[in-house]
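See below for the structure under consideration.
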Amino acid sequence: MTTFALPIPKRPTHPTGILNWITTIDHKKIGVLYGVTAFILFLTGGIEALLIRMQLAAPGMDFVSPEIYNQLFTMHGTTMIFLAIMPMGAAFFNYLIPLQIGARDVAFPRLNAFSYWTFLAGAIMLKSSWFLGGAPNAGWFGYAPITEIAYNPGHGIDFWILSLQVLGIASLAAAFNFIVTIINLRAPGMTLMRLPVFTWMTLITSILLVLAFPVITVALIELMFDRFYGMNFFNPVRGGNPVLWQHLFWVFGHPEVYILILPAMGLVSEIIPTFSKKPLFGYPVVIFSGIVIGFMGWMVWSHHMFTVGLGAVANSIFAITTMLIAVPTGVKIFNWIATMWKGSIDFNKTAMLYSIGFIFLFIIGGLSGVMHSSAASDAQQQDTYFIVAHIHYVLFGGAIMALLGGVYFYFPKITGKLMDESLGKINFWLTFIGMNLTFFPMHFSGMDGMPRRIYTYTSEMGWDLWNLISTFGVFIMGAGILIFVLNIVYSYLRGKESGNDPWDARTIEWAIPSPTPEYNFKKIPLIHSVDAFWEFKRNGTPIEPASGASENSEDEKNIHLPQPSYWPMVVSIGIMLAAYGMIFGLPISILGTIIGFIGVYAWSLEPVNEPEQH
Amino acid sequence: MSAEEHNHPNASKYFKIAIILCVLTALEFGVFYLEFLSYGIIPILTVLSVGKFALVIMYYMHLKFDSKLFTYIFLAGLFLATLVTFALMILLDWF
Amino acid sequence: MKTENIKHEENEHSYTGLNSKKLLMWAFLGSDCMFFAALIATYLVNMGNNPPGTPFPEDVFSIPITTVSTFVLLMSSMSMVLSYASLSQNKIKAFRVWLLSTVILGATFVGFQIFEFYEFSHHEVKVECGDLIDASKREKLTDLQVKIGDEKCIEGVKKVSEKVPLTPQVNLFGSTFFTLTGFHGGHVTFGIIWLLSLLIYSFKGNVSPLNLDLAALYWHFVDVVWIVIFTVVYLFGVFPGY
Ligand code: HEM
Ligand SMILES: [Cu+2]
C-alpha cells in the first residue's frame, strides 16, 4: 500500500524496561499505570485532607495560614474527584473491560495510551500549581465570581481551569474508546443482556462522560476568556451572570457524581455474587436501574442550587426529581442485599467485607441525600458540614470502599498472587472505623450550623468535640490506608500463588490464566449466558472458541497484537505544553501545538511493523 | 467498501438535495423580511432550519442508509443538547 | 499479508458489523452537540443583558452577507459529499477536484467570518438625522442609532456617525457571539486542515473511502451546526420581536 518512505520511525519494540511502559498500548499495562498513578494521587489528596483536619482539630488553631487553607480544600476536592476516583475507575475499565467481553484489547489501543498520558499531564499540571505560585483556592466547583480575575488575581485558578481542560480531553478520549469497545468488541454470543454488570456500568459511565464533559469544557472556556481576555460571561458588573456558571457546572456536576459511583456499583455487583455463591439477584433490574440513574442524572442538577433563589416552581421540580432518583439507587441496594440473602456468604474475604461496608455506608450517604433533596430542608443544610458528611459517605464510603474491595478482588488476576487476608482485615476495619469516626460527627457539626470551608471557629459555637473526633478519625483511616499500601507491596513480593480462579468466580476473565497472558484469550470464546464461566463450572456448559472468529489461531505466536507506539505520549506532551503556555507565555503554547500536530500526523501515518514470518 | 456503500444515492441526488437546501435558505432569507408575520416567523424559521438540518444528516451524512445505531447515538446527544438548552433558558428566565 | 496486518492495527473485529472508527465519530458528534448546546445556551440566556450604548445584534449583523456565507458552507457540504461519492466509485480525479473545492469553499466561509469579525470590531453607527423626526422611520432605527442621533443631530446636520466597535469585551453579546462563532470557525479551520491533509496524502498513498467518510461526517456536522447558528443567532438575533 505505501509506495513511499515516510520519515517516521518504525514501531518501537521494547519488551521490558521503562521504554516498554512508555510505549505500551496494552490495556492491562495501561490499567496498571492508571491504578498506580491514581493511588499515588489519592495519597496526595489524603495528605491535603490531613492538613485540613489538623487545622480544624480545635478552635482557633493556626496550623496553616488561611490562604493555604483555601488552597488545601480546593486541591483536596479536585484531586480526589478528578485525579483519584475517576482514574481509579478508569484503571478497572482498562484492565477489565476487554477481559470481561472476551477481547484482545480495546478498540483503539493507541488512543487508550493517549488517555493515560494526557491524564498524567493534567495531574502534573494541577499538582505543580503548589510550586508555581499557589494552588487554586475557590473550592472544587469554583463558583464565579470568586474565580474572576478581579477577586482572584493569582495563577491558581488558571491552573485549575487549564488542568481540568487537559483532564477532560483524557476522560473524553477514554470514554469514546470504551463505548466503542463495549459495543463492537464483544465476543460472539455476548449480547447486551449477557454483559457482566461491571461492563454495563462502564458503558453507562462512558456515555455520561461524553455528554457531560463538553458542558464543563464550555464553562471553563468561558471562565478562561473572562480571566485572560476580559470578557464578561460571569462578571456581574458588566451584565454577566454568575448563576449561569452554577448551572453549567452542575449540569456537568451531577452526572459526574454518577460517573464516580457507577463503576463502584459495578465492582460490587461482581464481588457480592461471587462471595455469596449466588447469581446477582435481578440482573436485568440492576442494569435497568443503572440506565435509569444515567438518564435521570440529567434532571436533578439544580438540587445543588436550592438556595440560589430559582423560585418555588423550579425548586419543587428539582426536589421531586431528586427524590425520584433515589428510587433506582435504592433498588440496586435491595438487589445486593437480596443477592446475599440465604447465600453462603464468605465473610473472611476482604473484598467481600469492603462490599458489605460499601452497602452499609452508601445507605447512610443515600439517606442524607434524600434528606436534602427536600428544598426546604436543604435550605438549612446547604453549605454546612452536613453536606460534607453526605459527600464523604457516598464518595469514600461508596466509591473508595468499592474500589479498594475491587483491588483485593482483582489483585490475583493482575499479579497471580493473593493479597494477604489478615492484613486485609486490619486494613478494612481501620479504614471502616476511621471513616465513620471522621465523617459521622460531621452530620452533627453540620446540624449545629458549622459552615463548610471555614478556616477556623470559636469555642462558643459548640463544635469542638465533633471536630476533635473527626480529626482523630482521620489518623485511624490513614493508618488503614497505610496498611493497604503495605499489603500491596508485601503481597506483590511475598503473596501466595493464587491459581487461575481463586474466588470460584463467575465471569469469563477468570477462565483464562492469572496473571493474564499478553494476548488475553488464546481463542475468542463463544458466550452462551450471563456468568458464562459459572455456567461452565456448575452445569458444564463449555466455553468453546467462537467458530469463525478471525483472530483464533492454534499457535499463540500467530496472535496479532496491536503494536506499541511513541506518539500517544508525544501528543500528550504537546497538549501539556500548550496548556502551560497559556500561563507562562505564548511561545510555549505554540511549541506545544507544533509538537501535538507532529504527534498526530506521525500517529496516523506510522507504519505497522512487518509481521514475523510464519 | 462494504455493501452499504453501494445503495447510496448518486451524484444527481446529491445535487437535488443541494438545490433544496439552497431554496430553503432562500426562503429563510425571504421570510425574514416579511414584517407582517411578526412572531410568526419564529416557527416558520425553526421548521425551515430543522428541515435543512434533517436533510444534511439524513442524506449527506447518510444516516438514512446506515445502521440505526448511528442515528440513535447522534440523536441521543442532540436530544439532550436541546433539552438542556431549553431548561437553561427557562431556569434563567428567558421566556 | 499486509492488509491482514493492518486489519489488526485497530482491532477490526466487530460484534455489530459496524466500523469502530465510524462509531467513534458518531459518538464524538453526539458529544459535540452538547458542546455547541452549552455555547448556544450561553448566548441565548444572555440575550439582551447588554449595557445601553453598546452594539446589539441588530446594529451589526448584515443578514444578506451572512446568507451568502451560509450558502457557501452549504455548497461545501455538497462538494464534500460528491468527493466522497467519487472516491467510492474510484474516480480519483473527481474525488480530488471536489475535495479541493470543498477546501476552497470552507476557506471562503472562514474568510467571510474574518471579514465579519473585522467589520464588527470597527463598527460605525450611521444615522440620517431626518429619520429621527419621521415617526415611522424612527421606529425602524435601532436603540443605538436613536441614542446617537438624539445626542449628535443638531440644526443643519444631515448625517451623523460614531464609532461603536463590537468587541468580546464591550458587552455580553460580544463575549457570547465571538466565542460561539469563533469556536465554530475553529471547527471549520480544523476540518480544512484535515481535508487538506487527506488531499495531499492522496498523492502519496491511498485514501480509503472510510477515512474520507470520517472527515466528511465531521465536515457536514460543522455545517449543520452553522444551520442552527444562522437561524438562532443571526435571524432571531436581528428579529425586532426581541
Ligand atoms: C440517593 C441519592 C442521592 C441524593 C438524593 C442526593 C442528593 C444530594 C443533594 C440534594 C445535594 C445538594 C446538597 C447541597 O449542596 O445543599 C447533594 C450533594 C452532593 N452529592 Fe448527593 N445525592 C445522592 C447520591 C449521591 C451520590 C451517589 C453521590 C456520588 C457518588 C453524591 C455526591 C454528591 C456530592 C459530591 C455533593 C456535593 C457537591 C458539593 O456541594 O460540593 N450524591 N446530593
Ligand atoms: Cu447532585
Side-chain angles (χ1 to χ4, degrees), chain A residues 1-4 6 101 103-111 172 175-177 179-181 183-188 190 207 210-215 217-219 221-222 225-226 229-233 238-241 244 248 251 524 549-551 560-563 601 604-605 608-611, chain C residues 1-25 27-28 30-39 41-42 45-46 48-51 54 167-176 178-180 182-183 193 197 201 203-206 208 211:
Chain A
M1 186 186 110
T2 16
T3 53
F4 68 110
L6 290 161
I101 63 175
R104 292 260 153 78
D105 207 312
V106 293
F108 304 99
R110 286 182 293 174
L111 189 65
L172 279 171
F176 288 128
N177 209 342
I179 291 178
V180 176
T181 303
I183 292 180
N184 247 5
L185 259 53
R186 280 172 280 154
M190 184 160 270
I207 294 173
V210 303
L211 293 172
F213 259 78
V215 182
T217 304
V218 166
I221 287 170
E222 292 173 350
F225 283 1
D226 273 9
Y229 309 123
M231 295 195 196
N232 320 307
F233 289 101
R238 306 270 271 290
N241 192 345
L244 179 63
L248 292 178
V251 167
I524 301 297
S550 60
E551 292 90 340
H560 291 290
L561 288 173
Q563 291 167 324
Y601 278 112
S604 40
L605 294 174
V608 180
N609 286 352
E610 293 293 332
Chain C
M1 227 36 286
K2 192 92 208 200
T3 44
E4 206 215 316
N5 202 23
I6 285 165
K7 264 185 93 169
H8 286 276
E9 172 67 4
E10 304 285 12
N11 272 320
E12 203 76 347
H13 160 90
S14 159
Y15 183 93
T16 52
L18 303 174
N19 179 279
S20 290
K21 285 185 187 165
K22 226 167 133 178
L23 205 52
L24 177 83
M25 194 52 178
F28 169 74
S31 161
D32 222 20
C33 283
M34 288 301 286
F35 180 83
F36 279 108
L39 284 171
T42 307
V45 301
N46 279 308
N49 287 354
N50 299 310
T54 57
T167 65
Q169 287 81 23
V170 294
N171 61 13
L172 270 157
F173 166 58
S175 303
T176 54
F178 283 108
T179 306
L180 169 58
F183 270 98
I193 296 174
S197 308
Y201 186 75
F203 289 97
K204 303 248 169 182
N206 279 332
S208 68
N211 278 344

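The chains referred to below are lettered A, B, ... by the order of the sequence lines, with proteins before strands, and numbering in each begins at 1.
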**Derivation of the side chain to side chain contact (heavy atoms under 4.5 Å, CB included) call for L605(A) and Y201(C)** = CA-CA 10 Å; L605(A) 294 174; Y201(C) 186 75; 3.3 Å; yes
**Message:** Set out, in order, the CA-CA distance, both residues' side-chain angles and the distance that settles side chain to side chain contact (heavy atoms under 4.5 Å, CB included) for S31(C) and F176(A), then state yes or no.
**Reply:** CA-CA 9 Å; S31(C) 161; F176(A) 288 128; 3.7 Å; yes
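- S175(C) places a side-chain N or O within 3.5 Å of a backbone atom of N232(A) that can act as its donor or acceptor partner.
- With sequence neighbours left out, the side chain to side chain contact (heavy atoms under 4.5 Å, CB included) criterion links N46(C) to N241(A), L244(A), T42(C), N49(C), L172(C), T176(C).
- For I207(A), the side chain to side chain contact (heavy atoms under 4.5 Å, CB included) test picks out I179(A), L203(A), L211(A), with sequence neighbours left out.
- The parts of Y229(A) that come within reach of chain C are both its backbone and its side chain, each placing non-hydrogen atoms under 4.5 angstrom from that chain.
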**Message:** Would F35(C) and I221(A) count as a side chain to side chain contact (heavy atoms under 4.5 Å, CB included) here? Give the steps.
**Reply:** CA-CA 11 Å; F35(C) 180 83; I221(A) 287 170; 3.9 Å; yes
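- Side-chain atoms of R238(A) come within 3.5 Å of backbone atoms of Q169(C) as a donor-acceptor pair (strictly under, hydrogens ignored).
- With respect to chain A, the highest number of heavy-atom pairs below 4.5 Å among A41(C), A37(C), S197(C) belongs to S197(C).
- Top candidate by heavy-atom pairs under 4.5 Å with chain C, chosen from G230(A), A103(A), A219(A), is G230(A).
- Checking each of L185(A), I183(A), V180(A) against T16(C) for a side-chain contact (heavy atoms from CB on, under 4.5 Å) leaves exactly one that passes, namely I183(A).
- If you take CE on M34(C) and OG1 on T217(A), they are separated by 10.5 Å, rounding to the nearest 0.5 Å.
- A heavy-atom distance below 4.5 Å is found between the side chains of S20(C) and F108(A).
- Separation of atoms OG1 (T167(C)) and CE (M231(A)) is listed at 8.5 Å; rounding is to 0.5 Å.
- In this structure, no portion of F36(C) lies under 4.5 Å from any heavy atom of chain A.
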